[in-house]
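Remember, it's a predicted structure, so these values are computed and weren't measured experimentally.
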Amino acid sequence: MDGGGVDGYGMEMVRNRKVVLRRYVTAGYPTVDDMEVVSSTVMPRVPLGTMAPAVMVKNIYLSCDPWMRGRMTKHDDATAEIAEDFVLGEAMVNFGVSKVVDSTHPVFAAGDLVWGLCGWEEYSLITQPETLHKINHPDLPLSYYTGVLGVTGLTAYAAFFEVGKPKKGETVFVSAASGAVGQIVGQLAKIAGCYVVGSAGSDEKVTLLKTKFGFHDAFNYKKEGNDLTGALRRCFPDGIDIYFDNVGGATLDAALVNMRRGGRVVVCGMISQYNLQEPEGVHNVIQILSKTIRVEGFAVFNHFGLYPMFEDEMARYLKEGKVTVLQDVVKGIEKASEALIGMFSGRNVGKLLVAVADE
């Protein structure tokens, strides 16, 4: 460990680099200059005198997720976002995989491997240990707990089965299908006996959907011009039963036209809208009425009760080879900002994460 002095009890202080937000993003894409890496020192244990049970962790992997964009903007209405805005000058927060180095909480002990909310930093003091989950399948790659076995996988699982309510033989369309959530949804749809088609933003990603993830069909939406409606009609001549929406905007508009009567739209994300100064409108909303379509937004925080069941089921799928994973791993906390920015323009292929320490 890199020393930074010794505390009054003889414990060595260690360096703690962290990614902080320098200024709020008002509109458009965030830039690397909106963030910076700052370095300080920390005592790698729960501070003496901490009243409530707490856990000190060393972070191993940090997750990059689209929802972080919303927290980079200052909101006057505290209810406007799922989570609170990032605090300027403090470590940004998201999900990660960590190792417990000290704990005053009865459930966690030094040496435990956990995943949950942590700072975008090398060491985090977790004062709300209820946000942590023990890793119960350490025989699988730890990095999976930033994705397929963590909140990403739970999002795909709960949104598809709890909101989408698939039935065998139904048709499923997944947008941003090569992304962290989309790739899992498509594979779960196949396991459920559905016919699944995905859209992605490059021919490389379309090939991956068909060959690596086993989608029945896929298309490059950038090659369809303004005729996404026609592309979906070509892929679903009899209509769509479930649309798993990660994109919003024009893709949602086109999907509504192609939905079957009684179809379900699972609104999981709207990455096409996050960086727009003026969000795009949706024009085909009358389809919701005429086809009795159910459109429901999804927030994973309402479904953490499913996690124990989900973890065991997904671990089984992974071990049986029924679910395949593609990760895009960036090494070094100093590259975290650039990785996050690149995600909004589709640079990553698969689940994007930052490795900040050796396992």
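Atom CZ of Phe344 sits about 9.0 Å away from atom OH of Tyr29, to the nearest 0.5 Å. Taken from CG in Leu88 to NZ in Lys74, the straight-line distance is 7.5 Å, to the nearest 0.5 Å. Here the straight-line distance linking atom NE2 of His137 with atom CG of Leu113 works out to 13.5 Å at 0.5 Å rounding. Between the OG atom of Ser202 and the NZ atom of Lys222 there is a distance of 7.0 Å, given to the nearest 0.5 Å. The CE atom of Met259 lies 12.5 Å from the CG atom of Asn284; values are rounded to the nearest 0.5 Å. Interatomic distance, CG of Asp245 versus OG of Ser175, reported as 4.5 Å (0.5 Å rounding).
Using a distance-only test at 3.5 Å, with no hydrogens or angles considered, a donor-acceptor pair links the side chain of Ser103 to the main chain of His105. Distance alone, capped at 3.5 Å, is enough to place a donor-acceptor pair between the Thr211 side chain and the Thr207 backbone. Here the side chain of Lys291 pairs a donor or acceptor atom with the backbone of Val257 at under 3.5 angstrom. No side-chain donor-acceptor contact under 3.5 Å links Asp85 to the backbone of Arg71. Formation of a donor-acceptor pair under 3.5 Å by the Asp253 side chain with backbone atoms of His283 is found in this model.
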Validation: residues 148-158 side-chain donor-acceptor distances under 3.5 Å, sequence neighbours left out:
{"from": "Thr152", "atom 1": "OG1", "to": "Thr146", "atom 2": "O", "distance (Å)": "3.4"}
{"from": "Thr155", "atom 1": "OG1", "to": "Val151", "atom 2": "O", "distance (Å)": "2.7"}
{"from": "Tyr157", "atom 1": "OH", "to": "Glu313", "atom 2": "OE1", "distance (Å)": "2.8"}

Side-chain donor-acceptor distances from residues 186-194 under 3.5 Å, at least two apart:
{"from": "Gln187", "atom 1": "OE1", "to": "Thr324", "atom 2": "N", "distance (Å)": "2.6"}
{"from": "Gln187", "atom 1": "NE2", "to": "Gln183", "atom 2": "O", "distance (Å)": "2.9"}
{"from": "Gln187", "atom 1": "NE2", "to": "Thr324", "atom 2": "O", "distance (Å)": "2.9"}
{"from": "Lys190", "atom 1": "NZ", "to": "Gly214", "atom 2": "O", "distance (Å)": "2.9"}

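Grouping Ile, Leu, Val, Met, Phe, Trp and Tyr by side-chain contacts under 4.5 Å, direct or through others, puts Val20 with Val38. In the hydrophobic clustering (ILVMFWY side chains linked at under 4.5 Å, chained through shared members), Phe108 is joined by Val55, Val57, Val100, Val107, Val114, Ile126, Leu132. Using a 4.5 Å cut-off between side-chain heavy atoms of Ile, Leu, Val, Met, Phe, Trp and Tyr, Leu289 forms no hydrophobic cluster with any other residue.
Salt-bridge annotation for Arg347 and Asp328: absent, with no side-chain N of the basic residue lying under 4.0 Å from a carboxylate O of the acidic one. Arg22 and Asp33 are not joined by a salt bridge, as no carboxylate oxygen comes within less than 4.0 angstrom of a charged side-chain nitrogen.
In summary, of the residues considered (Val197, Val196, Ile184, Ile242), a side-chain contact (heavy atoms from CB on, under 4.5 Å) with Val174 occurs for Val196 alone.
Side chains of Asn94 and Asp65 form a contact here, defined as non-hydrogen atoms less than 4.5 Å apart. The side-chain heavy atoms of Met35 and Ile341, taken from C-beta on, include a pair separated by under 4.5 Å. For the pair Val267/Val265, a side-chain contact is recorded, criterion being any heavy-atom separation below 4.5 Å from C-beta on. Annotation: side chain of Leu232 is in contact with side chain of Phe219 (closest heavy-atom distance under 4.5 Å). Residues Pro166 and Val172 have side chains not in contact (no heavy-atom distance under 4.5 Å, counting atoms from C-beta outward). Put simply, the side chain of Cys118 reaches to within 4.5 Å of the side chain of Asn59, judged on heavy atoms.
In this pair, His216 and Tyr195 present their aromatic rings parallel. The plane angle is below 30°, not in the 30 to 60° band.
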Please walk me through it: do Thr292 and Arg261 pass side chain to side chain contact (heavy atoms under 4.5 Å, CB included)? CA-CA 6 Å; Thr292 59; Arg261 183 172 297 277; 3.8 Å; yes
Apply side chain to side chain donor-acceptor pair (under 3.5 Å) to residues Tyr61 and Glu359 and explain how you reach the verdict. CA-CA 9 Å; Tyr61 296 105; Glu359 293 185 12; 2.5 Å; yes
Asp241 and Thr171: side chain to side chain donor-acceptor pair (under 3.5 Å), yes or no, with the steps? CA-CA 5 Å; Asp241 290 302; Thr171 57; 3.2 Å; yes
Working for side chain to side chain contact (heavy atoms under 4.5 Å, CB included), residues Thr131 and Phe95: CA-CA 10 Å; Thr131 64; Phe95 293 93; over 6 Å; no
How far apart are the C-alpha atoms of Arg264 and Val295, what are their side-chain angles, what is the distance that settles it, and do they pass the side chain to side chain contact (heavy atoms under 4.5 Å, CB included) test? CA-CA 6 Å; Arg264 287 84 73 201; Val295 180; over 6 Å; no
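Neither Val206 nor Val185 shares a network with the other; the hydrophobic side chains, linked directly or stepwise wherever heavy atoms of I, L, V, M, F, W or Y lie under 4.5 Å apart, form separate groups for each. Hydrophobic clustering (side-chain heavy atoms under 4.5 Å, transitive across Ile, Leu, Val, Met, Phe, Trp, Tyr) groups Val325 together with Tyr317. Under the 4.5 Å side-chain heavy-atom criterion for Ile, Leu, Val, Met, Phe, Trp and Tyr, Leu306 and Phe301 are members of the same hydrophobic cluster.
When all heavy atoms are compared, the tightest approach of Gly198 to Ala177 is CA-CB, 3.6 Å. Taking each heavy atom of Lys205 and Ser178 in turn, the nearest pair found is CD-OG, 3.2 Å. Here the closest non-hydrogen pair linking Ser337 and Val32 is CB-CG1, 4.4 Å. The nearest pair of heavy atoms linking Cys235 to Asp217 is SG-OD2, 4.1 Å. Scanning all heavy atoms of the two residues, the minimum distance from Thr73 to Tyr24 falls at C-CD2, 3.9 Å. Shown here for Cys268 and Phe244, the closest heavy-atom pair between the two residues is CB-CE2, 3.6 Å.
By the ring-ring contact (aromatic ring centres under 6.0 Å, His included) test, Tyr307 pairs with Trp115, His133, Phe310, sequence neighbours left out. For Thr31, the side-chain hydrogen bond (donor to acceptor under 3.5 Å, both in side chains) partners at least two apart in sequence or on another chain are Asp34. Here Arg260 pairs with nothing under the side-chain hydrogen bond (donor to acceptor under 3.5 Å, both in side chains) rule; sequence neighbours left out. Applying the side-chain hydrogen bond (donor to acceptor under 3.5 Å, both in side chains) criterion to Asn258, with sequence neighbours excluded, gives no partner residue. Residues passing the salt bridge (Lys or Arg N to Asp or Glu O under 4.0 Å) test with Lys167: none are found, sequence neighbours excluded.
Around the CE atom of Met51, the shell of radius 6.0 Å holds no more than 12 heavy atoms that belong to other residues, nucleotides or ligands.
The distance between the ring centers of Phe86 and Trp67 does not fall below 6.0 angstrom.
Applying the salt bridge (Lys or Arg N to Asp or Glu O under 4.0 Å) test to pairs two or more places apart or on separate chains, those with a residue in residues 106-124 are Arg15-Glu122, Arg17-Glu122, Lys18-Glu121, Asp112-Lys134. For residues 294-305, the set of pairs meeting the side-chain hydrogen bond (donor to acceptor under 3.5 Å, both in side chains) definition, not counting sequence neighbours, comprises Arg294-Glu296.
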